[in-house]
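Both backbone and side-chain heavy atoms feed into the values below; hydrogens, waters and symmetry mates do not. Model, not experiment: these values are computed from the prediction.
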Amino acid sequence: MSRLQLSPREVIDYLSGKYDENRDQNIMPCPGMFWYSDSSYSFSVCQGKVISGVVGAVFPDWRKVLCVGLEEAALKWSNRTSLIGTENLSGQEATALIAKTVQWEGYIAPAVEYCLNYDKFGVQKGEAFLFSLNEARTVQPFIENAINPALKKIGCLELTNNYWTASEYNSYQAWKLCLTFGKSFNQKNYGRNFVRPMFWRKY
């Protein structure tokens, strides 16, 4: 360090950068980390890499992370009131079932369609989904202090709205999640709740 005339702070910054670029496979990802299209992750922004999303929740038993997409839209859950049966399904399973059901029955589900058509930042079409209520609950504790600061750091919209989940409350309504008030529900044809695509990644 003295030979190179580096300060302790410069050495720490260098080593931190080295860690970010060469991820240690033994270090688990954490909520609030950036997830890159090459499946690396870090707390800092790595130049030259494509950020796919922000880690929202970690599932060590599965060695998987649930990532928050970088964009959102205000959309209806569906334009028809009918029970599909998604309440106890995962977000990925529910999204697939909703898409099949609306295709069979000839109506639209804008929230699900938005997720399935999401094809940006290294997330391929068909990979993203509308999270379930249970998955939304795993993400919620980290929104304010980890996920939103990361999104703000890269100039993306923070999670500050009401967000649809894929979980139905009944034939007419579906669950939504709000950072401030927690879970509640709305009519499926209500068009002012937001949709934030989510996607799984392995580590």
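Between Met198 and Val139 there is a side-chain heavy-atom pair separated by less than 4.5 Å. Proximity of Arg63 to Met28: side-chain heavy atoms (C-beta onward) are nowhere separated by under 4.5 Å. Within the 4.5 Å cutoff, no side-chain heavy atoms of Glu71 are placed close to those of Leu157. Contact annotation: the side chain of Glu105 approaches that of Arg80 to within less than 4.5 Å [non-hydrogen atoms, C-beta and beyond]. In this structure, Asn193 and Tyr190 have side chains that are in contact, with non-hydrogen atoms separated by less than 4.5 Å. Taking the side chain as every heavy atom from C-beta outward, Ser37 and Lys49 never approach each other to under 4.5 Å. In this structure, Asn189 and Asn79 have side chains that are not in contact, with every pair of non-hydrogen atoms separated by 4.5 Å or more. No side-chain heavy atom of Trp200 sits less than 4.5 Å from a side-chain heavy atom of Val65.
Side-chain N or O atoms of Asn148 include none that pairs as donor or acceptor with a backbone N or O of Glu144 at under 3.5 Å. The backbone N or O of Ser90 sits less than 3.5 Å from a side-chain atom of Glu93, completing a donor-acceptor pair. A donor-acceptor contact shorter than 3.5 Å is absent between the side chain of Asn161 and the backbone of Phe194. A donor-acceptor contact shorter than 3.5 Å is absent between the side chain of Arg196 and the backbone of Tyr163. Between the side chain of Glu168 and the backbone N or O of Ile84 there is at least one donor-acceptor pair closer than 3.5 Å. Between the Ser78 side chain and the Ile108 main chain, no donor and acceptor come within less than 3.5 Å of each other. In this structure, the side chain of Lys188 engages the main chain of Ser171 through a donor-acceptor pair within 3.5 Å.
Criterion: ILVMFWY side-chain heavy atoms under 4.5 Å apart, direct or through other members. Under it, Ile154 and Phe199 are part of a common hydrophobic cluster. Tyr172 and Trp175 fall into different hydrophobic clusters, where Ile, Leu, Val, Met, Phe, Trp and Tyr side chains are chained together by heavy-atom contacts under 4.5 Å. Under the 4.5 Å side-chain contact rule for hydrophobic residues, Tyr169 and Leu83 do not share a cluster.
Summarising the geometry of Ala99 relative to Leu116, their closest heavy-atom pair is CB-CD1, 3.6 Å, with the distance given to 0.1 Å. Residues Phe34 and Val54 come closest through the heavy atom pair CD2-CG2, 4.1 Å. Of all heavy-atom pairs between Gly56 and Phe142, the closest is O-CD1, 3.5 Å. Across Ala57 and Thr138, no two heavy atoms sit closer than the pair CB-OG1, 3.7 Å. Shortest non-hydrogen contact noted between Leu133 and Ser167 is N-OG, 2.9 Å. Among all heavy-atom pairs drawn from Pro197 and Tyr118, the shortest one is CG-CD1, 3.6 Å.
Between the side chains of Lys176 and Asn186, a donor-acceptor pair is found at a separation under 3.5 Å. In summary, the side chains of Asn134 and Ser132 do not present any donor paired with an acceptor at a separation below 3.5 Å, with no hydrogens or angles considered. Donor-acceptor pairing under 3.5 Å is recorded for the side chains of Tyr107 and Ser82. Side-chain N/O atoms of Ser42 and Tyr36 include a donor and acceptor closer than 3.5 Å.
For the side chain to side chain contact (heavy atoms under 4.5 Å, CB included) with Trp164, the qualifying choice from Trp77, Tyr114, Phe185 is Trp77, the only one to do so.
Stacking of Lys64 on the aromatic ring of Phe59 is not recorded, the 6.0 Å distance cut-off and the 45° axial limit not both being met.
Residue Met33 holds its CE atom at 9.0 Å from OG of Ser44, rounded to the nearest 0.5 Å. Interatomic distance, Thr160 OG1 to Lys152 NZ, rounded to the nearest 0.5 Å: 11.5 Å. Atom-to-atom distance recorded for Leu159:CG and Ile147:CD1 is 6.0 Å, nearest 0.5 angstrom. In this structure, CD1 in Ile51 is found 9.0 Å from NZ in Lys153, a value given to the nearest 0.5 Å. The OG1 atom of Thr86 sits 7.0 Å away from the CG atom of Leu97 when rounded to the nearest 0.5 Å. Between atom CD1 of residue Ile143 and atom CG of residue Leu177 there is a gap of 6.0 Å, rounded to the nearest 0.5 Å.
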Side-chain atoms of residues 122-131: list all donor-acceptor pairs with protein atoms under 3.5 Å, sequence neighbours left out, distances to 0.1 Å.
| unit_1 | atom_1 | unit_2 | atom_2 | d |
| --- | --- | --- | --- | --- |
| Glu127 | OE1 | Gln124 | N | 2.8 |
| Glu127 | OE1 | Arg201 | NH2 | 3.0 |

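Ring geometry for Trp35 against Tyr41 counts as parallel: the plane angle stays under 30°, on a 0 to 90° scale with 60° as the upper cut.
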